[in-house]
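Below is one structure, written out as structure tokens, with a few remarks after it.
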2 protein chains.
Amino acid sequence: MPSRSPSRRQADNEHLRTRRDHASELAEDYVEAIAEIVERTGFCRVTDLAERFAVSHVSVNRAIARLKRDGFVEAHPYGPVHLTASGSRLALHSRDRHRIVLEFLRALGVSEKTAALDAEGLEHHVSSETLRKMKAFAVDRATEG
Amino acid sequence: MPSRSPSRRQADNEHLRTRRDHASELAEDYVEAIAEIVERTGFCRVTDLAERFAVSHVSVNRAIARLKRDGFVEAHPYGPVHLTASGSRLALHSRDRHRIVLEFLRALGVSEKTAALDAEGLEHHVSSETLRKMKAFAVDRATEG
DNA sequence: CAGGAGATGTAGCGTAAGCTACAAGTCTGT
DNA sequence: ACAGACTTGTAGCTTACGCTACATCTCCTG
Ligand SMILES: [Mn+2]
Ligand SMILES: [Mn+2]
Ligand SMILES: [Mn+2]
Ligand SMILES: [Mn+2]
């Protein structure tokens, strides 16, 4: 008789993939936010991030500690938060992807507010293959009618 | 001078929305899996779920405890897992949404394997508005060329 | 050059999810 | 009917990421 559950390579497990996406999500959102805040205001403080993410400053502190540990940011007590080279690269990558997903949703006809809300979660689960398709679609809709 | 950060309603915070999406994600995926396994094999055991999600049976046990607590499943020691009425409703809803997202990715031209991988994470961040657009797009591509 | 407001840090807590190791139940074939 | 294989349960650990309460620092303003 056939086995109840045919074996499949781990790499093909969708849930594993999703858990991995989530493991890198916080770092991606933080470096993206830090880059944006620095650009806009000159420097990024704990409070800015707390407001951005709608969490307490304590949660931000702990997140920053993890980002430091992972080499994405540099920060000293009572000082502003800076991106490392690695953090900057990740920020650029994340921002690009975020923009493409957002543009794509707009091109699909989703309202501005909904697009912004959905994109924040969606972006972390979009593979490079899907991202390419989204980009092509958005560009298509922009050039043609 | 203008405040460094213009105030915004909490409901508009994208990260808050994303965190809420994640809070309901496990329940959605579990009831969806339970419904599918019951349909296919007649009943759903702890082991089936452990394999499906690629986690240990311990993680499944704890997840089932939470699902019980939240009224989505009924289960007794050493017995199979059943969906409650509430759990069945959630399963149907989740399965519909999952299918639409998957169909949509296919219609976009994403490969079968990638579509399956991406859909598992994406589905939880798709608002009803975006889902409608995705459905329309998929249907469009199916009927026309 | 004090206050005091606001920002930051720390202690301690909670829940969700993951794990290994071990204990105990169930079920099947001989 | 029972041995062994498989399944399920439990104890105890870990990390991520939320929180409140309280302590401390910084920086502006009178
Ligand atoms: Mn995001
Ligand atoms: Mn997600
Ligand atoms: Mn699903
Ligand atoms: Mn899913």
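Order of the sequence lines sets the chain letters (A, B, ...), proteins ahead of strands, with each chain counted from 1. It should be emphasised that the depicted structure is a prediction, and the values quoted were computed from it without experimental measurement.
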OP1 or OP2 of C/dT8 versus the side-chain N and O atoms of A/Asn61: is any pair under 4.0 Å? no
Grab the NZ-P distance between B/Lys68 and D/dT8 for me, whole Å please. 14 Å
B/Ser59 side-chain N/O to C/dA17 phosphate OP1/OP2 under 4.0 Å: no
CD1 of A/Ile64 versus C1' of D/dG18: gap in Å, rounded? 16 Å
Using whole Å, what does the distance between atom C1' of nucleotide D/dC27 and atom CZ of A/Arg45 come to? 12 Å
Within this structure, what is the CZ-to-C1' distance between A/Arg19 and C/dA16, rounded to whole angstrom? 13 Å
For the residue pair A/Phe72 and A/Leu90, what are the closest heavy atoms and their distance? CE2-CD2, 3.7 Å
All heavy atoms of A/Val110 vs all of A/Ala115, minimum pair found to be CG1-N, 3.6 Å
Categorize B/Ser56 for me: base, sugar-phosphate, or nothing, with a 4.0 angstrom heavy-atom threshold over every strand shown. base
Contact nearer the 5' end of DNA chain D, comparing A/Arg69 with A/Tyr78: A/Arg69
Given A/Phe104, which partner from the list A/Met134, A/Arg141, A/Lys135 fulfils the side-chain contact (heavy atoms from CB on, under 4.5 Å) test? A/Met134
Indicate, yes or no, whether a donor-acceptor pair under 3.5 Å links the base of D/dG18 to the side chain of A/Arg62. yes
If the threshold is 4.0 Å, N to carboxylate O, is there a salt bridge linking B/Arg52 and B/Asp48? no
I want to check one thing: is the phosphate of C/dA17, taken as OP1 and OP2, less than 4.0 Å away from some side-chain N or O of B/Arg66? yes
Nearest-Å distance, CZ (B/Arg20) to P (D/dC17)? 18 Å
To the nearest angstrom, the CG-C1' distance between B/Asp21 and D/dC17 comes to 17 Å
How about B/His22 and B/His125: are their ring centroids closer than 6.0 Å? yes
Stacking check: are the rings of B/His57 and D/dT7 less than 5.5 Å apart at their centres and under 30 degrees in tilt? no
Base, sugar-phosphate alone, or nothing: which one does A/Val58 contact when heavy atoms must sit under 4.0 Å apart? base
Counting only side-chain nitrogens and oxygens, does B/Thr47 get under 4.0 Å of the OP1 or OP2 atom of D/dT8? yes
